[in-house]
Amino acid sequence: MIPPINSDQFLPILAKRLCACMPPQLLRSGCKGKMPWGEPLCSREAMLDLKTLLVVTMAVAALQAVVWIFVWRAWRHLYELKYLAVGFIAIAAGVLLMLLRGDGPAPWAIVVHNTIIKLGLVLLAEGLARFLGQPRYSWIGIALLVVQIVVWSAAVGIDPDAIEFRIYASTLFTVIMMSMMCLALLRDRTQPPLLRWITIAMLVEYMAASILQSVLEYRLPENFESAPILADRNAWYLLQGTLFLIAFFACLLFMVSWRLSADLREKNAALSREVEERRTLEARLNASLEMERTLREEQADFMRVVSHEFRTPLAVIRNATEMIGLTGGPSEPATGARLAGIGEALNRLFSLIDRFMADDRESGFQPEPMAVGSLLGDVRLHFDMIGRGDRLNFFLDDDTLSFCVDPDMLGTVIINLIDNALKYSPNGQNVDIAARNGQDVIVIEVRDRGIGIPSAERGKIGRRFFRASNVKAIAGTGLGLYAARRLLAYHNGTLQLDGNADGGTTAVVRLPLSRKSSGAFMPREAAA
């Protein structure tokens with residue numbers, strides 16, 4: 001039968017057993033306490049060396065701080081690691097100050113040094129919560145630090161030798177902060193469950209050791225000689241704290257490694273999705289290009305068919321015109337002029353069909369040097385032949401000014417602009433055509449006094465098949481200005497439509513004087 005152990009006998013038996021199992025190299029003399037019955041507290045005059053453990057603890061915390069600094073420098077997006085590094089730095093600094101303060105430290109030094117260590121614990125809890133993406137209760141840590149300072153200052157000021165009250169406050173501080181860390185780990189779902197539970201177990205072990213230390217201080221015999229600071233009897237607690245720091249550091253490293261691996265897996269998955277999307281888009285693009293190629297071939301075939309069908313009625317009209325001129329006998333001058341105008345218009349239509357509808361080669365644009373006066377003279381002749389030249393007023397600063405253009409293309413542009421101006425200028429109002437030399441460009445303006453363009457729709461004029469809302473009653477297709485922009489694109493020219501103060505519209509054509517700029521690029525679909 002094992003005799004029951006009285007509670008008053010528990011502490012002496014525990015102390016004797018701890019001393020009996022300690023190796024000689026970790027023991028030293030200095031145990032002066034005695035039990036009530038006169039027996040020394042430790043029959044072997046030895047205990048753990050507190051200062052040696054403090055040096056080890058400081059070195060461990062400092063090395064861990066350095067490691068976290070390097071890890072954070074390598075992965076800047078893990079900014080939470082800064083809190084862990086600063087936390088370990090604070091712990092190392094606090095332990096270093098404890099080593100340097102000597103055997104009789106000032107009361108304020110005791111408070112400051114222990115508060116720095118507690119600040120490190122607060123920073124570790126803050127960094128862990130931020131790293132796991134959990135709610136941060138920073139105000140709790142700050143409040144506990146304030147309470148720590150107040151309680152320790154009061155305890156040191158009232159009874160410097162009563163170390164147990166400071167240990168109780170420190171234990172309460174540690175339990176609360178580590179409970180917050182356990183709560184963050186319980187809520188987390190980003191880390192492996194086994195790793196989280198191992199870390200929680202270590203935190204619980206440290207809290208249990210802190211509580212045990214408080215109990216041992218509370219159960220010490222009254223005649224046991226105490227000290228105003230930690231003594232060798234507290235070395236076991238510091239030893240398990242050092243082991244806890246090493247294990248906690250390892251768990252944090254595993255957590256960071258898991259986070260980096262998870263980020264890498266996520267990036268690989270995102271890259272795989274992007275590659276798959278690009279492949280899908282590439283397939284769609286190839287299908288669109290093939291469809292566009294097919295449509296272009298169909299368009300070319302259609303244009304060839306249309307050009308062939310246009311030639312037949314135009315040839316009939318030409319033959320009829322020639323027959324009228326041959327068989328009609330002497331005719332009035334006006335009739336002859338009309339027949340000549342019809343012939344000239346037919347020749348122009350045949351030329352346009354040959355160059356833009358029936359020819360698949362890139363020979364549509366054929367620039368040549370030409371005087372602006374000659375170009376406008378051909379335009380005037382065209383409208384004179386169809387009986388509309390009397391409404392046109394031409395103004396030239398220098399009719400010998402020349403540029404490199406395609407006469408048929410540019411002539412078609414000017415004719416379309418003048419035809420629009422005449423169409424939308426009722427009551428026989430005149431149209432002014434002016435050509436002048438701008439800076440490195442030739443400016444040709446067609447000014448009418450017609451119905452004008454609504455300001456809200458001016459930016460849309462020139463789009464294919466678009467017509468302003470105020471011209472619905474007038475016949476038209478909405479292709480004249482669109483064709484003009486396309487043909488001007490061959491010349492690297494521009495078309496601008498401006499409203500006049502007295503009503504109407506001014507179409508402004510700008511063409512570069514340099515021959516190199518003509519035909520610089522092929523026309524694209526007009527956006528406006």
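For reference, positions follow the sequence shown, starting with 1.
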I need the minimum non-hydrogen distance between [X] and [Y], along with the two atoms involved.
X    : Y    : result
I415 : F383 : O-CZ, 3.7 Å
L132 : Q191 : CD2-CG, 3.8 Å
E80  : G127 : CB-O, 3.9 Å
L495 : A507 : CD1-CB, 4.1 Å
G504 : D448 : CA-OD1, 3.4 Å
W197 : L186 : CH2-CD2, 3.5 Å

How about [atom1] on [X], more than 12 heavy atoms from neighbouring residues, nucleotides or ligands closer than 6.0 Å, or not?
X    : atom1 : result
R265 : CZ    : yes
F70  : CZ    : no
R73  : CZ    : no
F254 : CZ    : no

I'd like to know if the side chain of [X] reaches the main chain of [Y], judged simply by a donor and an acceptor atom lying under 3.5 Å from each other, with no hydrogens or angles considered.
X    : Y    : answer
D406 : Q366 : yes
R436 : V443 : no
R136 : R130 : no
H382 : D378 : no
S257 : L253 : no
W68  : Y83  : no
D188 : A184 : no

Using a strict threshold of under 4.0 Å (side-chain N to carboxylate O), is an ion pair present between [Y] and [X]?
X    : Y    : answer
R293 : E297 : no
E292 : R296 : yes
R273 : E276 : no

Measure the [atom1]-[atom2] distance between [X] and [Y] for me, rounded to the nearest 0.5 Å.
X    : Y    : atom1 : atom2 : value
R380 : L376 : CZ    : CG    : 8.5 Å
M409 : R486 : CE    : CZ    : 10.0 Å
L123 : M177 : CG    : CE    : 9.0 Å
L96  : I91  : CG    : CD1   : 13.5 Å

Flag the pair [X] / [Y] as yes when at least one side-chain heavy-atom distance between them is below 4.5 Å, and no otherwise.
X    : Y    : result
I89  : I69  : yes
L121 : F173 : yes
T494 : Q496 : no
L260 : V256 : yes
D384 : L392 : no
F248 : Q64  : no
M255 : T190 : no

message = N437 vs L513, test: side-chain contact (heavy atoms from CB on, under 4.5 Å). Steps then yes/no.
response = CA-CA 9 Å; N437 184 5; L513 283 173; 3.6 Å; yes
request  = Please test V413 against I444 for side-chain contact (heavy atoms from CB on, under 4.5 Å), starting from the C-alpha separation and ending with a verdict.
outcome  = CA-CA 11 Å; V413 171; I444 301 176; over 6 Å; no
query = Between T505 and N420, is a side-chain contact (heavy atoms from CB on, under 4.5 Å) present by the stated rule, with each step listed?
reply = CA-CA 10 Å; T505 305; N420 281 343; over 6 Å; no
task = Classify the ring geometry between F88 and F249 as parallel (under 30°), tilted (30 to 60°) or perpendicular (over 60°).
result = perpendicular
request  = Dump the intermediate steps for side-chain contact (heavy atoms from CB on, under 4.5 Å) on N416 and L487, then the final yes or no.
outcome  = CA-CA 11 Å; N416 282 345; L487 296 177; 5.5 Å; no
query = Are N500 and T506 linked by a side-chain donor-acceptor pair shorter than 3.5 Å?
reply =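 Yes, a side-chain donor-acceptor pair sits under 3.5 Å.
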query = Q429: what forms a side-chain hydrogen bond (donor to acceptor under 3.5 Å, both in side chains) with it, not counting sequence neighbours?
reply =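 Testing Q429 for side-chain hydrogen bond (donor to acceptor under 3.5 Å, both in side chains), a comparison that skips the adjacent residues, returns none.
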